[in-house]
Amino acid sequence: MAGNYDISIDQGATYVLTITRNALNLTGYTMRMQGRSSHASTTIVLNSATNVTITTAPATNSVITVTISAVNSALLPAPSSGVYDIEAESPTGVVYRILEGAYSVSPEVTR
């Protein structure tokens, strides 16, 4: 069962989330994340393929770091909110949902 955690992103600032999943060796896993305004939306706002970086270092300690650079967060629509999840796919194709929740983007004033 996935953990639940709501995230708040400041537009124009670097966002970092560190997750530790005990007893899950992530060596060889592919990590992915998507965020949308709603579960049914076809528009992807947060995407590990484009504007979110996910690293697992060290993979043997189950440490996952999600980063959105200041440049990428500045491009997010704000104010906005939606839902996201983070998944890990094993080398054999088994998918685990690591974390899910709501996200919100607070607008930047200083540009």
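This chain uses plain numbering: 1 for the first residue, then up along the sequence.
- At least one donor-acceptor pair closer than 3.5 Å links the side chain of Ser73 to the backbone N or O of Ala13.
- Of all heavy-atom pairs spanning Ser48 and Ile54, the tightest one is CB-CD1, 3.9 Å.
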May I have the step-by-step check of side chain to side chain contact (heavy atoms under 4.5 Å, CB included) for Leu46 and Ile44, ending in yes or no?
CA-CA 6 Å; Leu46 302 172; Ile44 301 169; 5.8 Å; no
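- Glu87 contributes atom CD, which lies 6.0 Å from atom CZ of Arg97 (distance to the nearest 0.5 angstrom).
- Leu17 contributes atom CG, which lies 8.0 Å from atom OG1 of Thr65 (distance to the nearest 0.5 angstrom).
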Determine whether Leu99 and Asn4 satisfy the following criterion, side chain to side chain contact (heavy atoms under 4.5 Å, CB included), listing intermediate values before the conclusion.
CA-CA 6 Å; Leu99 196 63; Asn4 191 292; 5.9 Å; no
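- For the pair Ala88 and Met31, the tightest heavy-atom approach, listed with the atom from each and the gap, is CB-SD, 3.5 Å.
- At least one donor-acceptor pair under 3.5 Å links the side chain of Gln11 to the backbone N or O of Leu76.
- Linking Ile, Leu, Val, Met, Phe, Trp and Tyr residues whenever their side-chain heavy atoms come within less than 4.5 Å leaves Ile86 and Val95 in two separate clusters.
- Looking only at side-chain heavy atoms (C-beta outward), Thr55 and Val63 stay at 4.5 Å or farther from each other.
- Transitive grouping of hydrophobic side chains (ILVMFWY, heavy atoms separated by less than 4.5 Å) keeps Val105 and Val83 in distinct clusters.
- A donor-acceptor pair under 3.5 Å is formed between the side chain of Asp6 and the backbone N or O of Ala102.
- Between the side chain of Asn51 and the backbone N or O of Asn47 there is at least one donor-acceptor pair closer than 3.5 Å.
- Criterion: ILVMFWY side-chain heavy atoms under 4.5 Å apart, direct or through other members. Under it, Tyr29 and Ile19 are part of a common hydrophobic cluster.
- Atom CG of Asp85 is separated from atom CE of Met33 by 8.5 Å, given to the nearest 0.5 angstrom.
- For the atom pair Tyr5 OH and Tyr84 OH, the distance stands at 8.0 Å (nearest 0.5 Å).
- Taking 4.5 Å as the limit, every side-chain heavy atom of Thr20 sits out of range of all side-chain heavy atoms of Asn61.
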For Tyr15 and Asp10, what are the C-alpha separation, side-chain angles and deciding distance, and is it a side chain to side chain contact (heavy atoms under 4.5 Å, CB included)?
CA-CA 7 Å; Tyr15 177 81; Asp10 293 328; over 6 Å; no
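- Interatomic distance, OG of Ser81 versus CD1 of Ile9, reported as 11.0 Å (0.5 Å rounding).
- Ser90 pairs by the side chain to side chain donor-acceptor pair (under 3.5 Å) definition with Thr92, not counting sequence neighbours.
- Here the side chain of Asn25 pairs a donor or acceptor atom with the backbone of Thr27 at under 3.5 angstrom.
- Between Arg36 and Gln34, the side chains place a donor N or O and an acceptor N or O closer than 3.5 Å (distance only, hydrogens not considered).
- Ser106 and Ala78 make their closest contact through C-CB, 4.1 Å (heavy atoms, listed as atom of the first residue, atom of the second, distance).
- Residues Arg111 and Glu108 are not paired through a salt bridge, judged by the lack of any N-O separation under 4.0 Å between the basic side chain and the carboxylate.
- In terms of hydrophobic clustering, with Ile, Leu, Val, Met, Phe, Trp and Tyr side chains grouped at heavy-atom distances under 4.5 Å, Val16 and Leu75 are assigned to different clusters.
- From Ser62, atom OG reaches atom CG of Leu26 across 5.0 Å, with rounding to the nearest 0.5 Å.
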